[in-house]
Colleague: 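Structure provided below as structure tokens; questions to follow.
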Amino acid sequence: MASLEQCRAALDRLAHNLSTTADGAVRGAAALDRSLSCRITDLDVTFVGRLADGTLKDVTAVPGPPREKAQIRLAMTGDDLVALVDGELHFARAWGSGRVKLEAGLRDLLRLRTLL
């Protein structure tokens with residue numbers, strides 16, 4: 001089971017990848033300005049922050065479920081988060097099988113498909 005520190009490091013790597021290595025379509029999707037929550041189900045913690053200017057900003061960890069409903073909401077285990085960021089788990093397959101849950105408005109889902 002991934003630790004809280006490993007999950008935070010995975011989110012930091014994701015933020016770095018978005019801001020430095022993203023190409024045109026991915027950078028466009030990452031340019032959304034939306035509130036974001038990532039619930040780590042096995043650790044009972046939620047990372048909350050913003051997806052803005054092509055990166056993740058102001059990310060903090062809060063115990064339990066998120067206090068406010070973010071515009072983009074993810075839920076998964078810590079191991080799945082680390083595997084997604086490391087490229088070992090394909091997002092579409094994980095989402096389709098229910099390992100990763102994603103909730104967002106239809107317009108955001110369409111833009112996020114290139115990002116995830």
Colleague: R34 versus D108: any side-chain heavy-atom pair under 4.5 Å?
Modeller: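 The answer is yes, as the side chains (C-beta and beyond) meet within the 4.5 Å cut-off.
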Colleague: Shortest non-hydrogen contact from A2 to V82?
Modeller: CB-CG2, 4.0 Å
Colleague: Given M1 and L43, is the side chain to side chain contact (heavy atoms under 4.5 Å, CB included) satisfied, shown in steps?
Modeller: CA-CA 9 Å; M1 178 166 76; L43 297 177; 4.0 Å; yes
Colleague: Looking only at heavy atoms, which two atoms of T41 and A75 are closest? And how far apart?
Modeller: CG2-CB, 4.4 Å
Colleague: When hydrophobic residues are tied together by side-chain contacts of less than 4.5 Å, even through go-betweens, does L36 share a cluster with V100?
Modeller: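 Yes, one cluster joins them.
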Colleague: Within the structure provided, determine whether V48 and S35 are in side-chain contact (heavy-atom separation under 4.5 Å).
Modeller: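 In short, these two side chains do not touch, never coming nearer than 4.5 Å.
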Colleague: Mind checking whether L102 and F91 have side chains closer than 4.5 Å, heavy atoms only?
Modeller: yes
Colleague: Is L81 close to L11 at the side-chain level, that is, under 4.5 Å between some pair of heavy atoms?
Modeller: yes
Colleague: With sequence neighbours excluded, tell me which residues meet salt bridge (Lys or Arg N to Asp or Glu O under 4.0 Å) with D80.
Modeller: R99
Colleague: At what distance, to the nearest 0.5 angstrom, does CD1 of I72 lie from CZ of R50?
Modeller: 9.5 Å
Colleague: Taking only residues two or more places apart in sequence or in another chain, which ones pass side-chain hydrogen bond (donor to acceptor under 3.5 Å, both in side chains) with D58?
Modeller: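 With sequence neighbours excluded, D58 shows a side-chain hydrogen bond (donor to acceptor under 3.5 Å, both in side chains) to no residue whatsoever.
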Colleague: Could you tell me the separation between the CE atom of M76 and the SG atom of C7, rounded to the nearest 0.5 Å?
Modeller: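 Spacing of CE (M76) from SG (C7) equals 9.5 Å.
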Colleague: Taking atom CG of L84 and atom CG of L14, what is their separation to the nearest 0.5 Å?
Modeller: 9.5 Å
Colleague: Would you please name every residue forming a salt bridge (Lys or Arg N to Asp or Glu O under 4.0 Å) with K57, sequence neighbours left out?
Modeller: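 Only D53 meet the salt bridge (Lys or Arg N to Asp or Glu O under 4.0 Å) criterion with K57.
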Colleague: Check salt bridge (Lys or Arg N to Asp or Glu O under 4.0 Å) between D42 and all other residues, then give those that pass, not counting sequence neighbours.
Modeller: none
Colleague: Kindly work out whether a path of hydrophobic side-chain contacts (I/L/V/M/F/W/Y, heavy atoms less than 4.5 Å apart) joins L4 to I40.
Modeller: yes
Colleague: Does any N or O in the side chain of T46 come within less than 3.5 Å of the main-chain N or O of G64, such that one atom is a donor and the other an acceptor?
Modeller: yes
Colleague: Only counting residues at least two apart or in another chain, list the ones meeting side chain to side chain contact (heavy atoms under 4.5 Å, CB included) with E103.
Modeller: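 E103 satisfies side chain to side chain contact (heavy atoms under 4.5 Å, CB included) with R73 only.
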Colleague: Find out if a path of hydrophobic residues (ILVMFWY) with successive side-chain heavy-atom gaps under 4.5 Å connects L89 to V85.
Modeller: yes
Colleague: Got V59 and R8 here, is their nearest side-chain heavy-atom distance under 4.5 Å?
Modeller: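 Yes, at least one pair of side-chain atoms sits under 4.5 Å.
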Colleague: Scan residues 59-68 for pairs that pass side-chain hydrogen bond (donor to acceptor under 3.5 Å, both in side chains), counting only residues two or more places apart or in two chains.
Modeller: none
Colleague: K101 and L74: side chain to side chain contact (heavy atoms under 4.5 Å, CB included), yes or no, with the steps?
Modeller: CA-CA 5 Å; K101 293 178 179 34; L74 291 160; over 6 Å; no
Colleague: Could you list all the salt bridge (Lys or Arg N to Asp or Glu O under 4.0 Å) pairs where at least one residue sits in residues 86-96, not counting sequence neighbours?
Modeller: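 Listed by first then second residue: R13-D86.
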Colleague: Applying side chain to side chain contact (heavy atoms under 4.5 Å, CB included) to D33 and L51, what does each step give before you reach the verdict?
Modeller: CA-CA 6 Å; D33 185 6; L51 178 62; over 6 Å; no
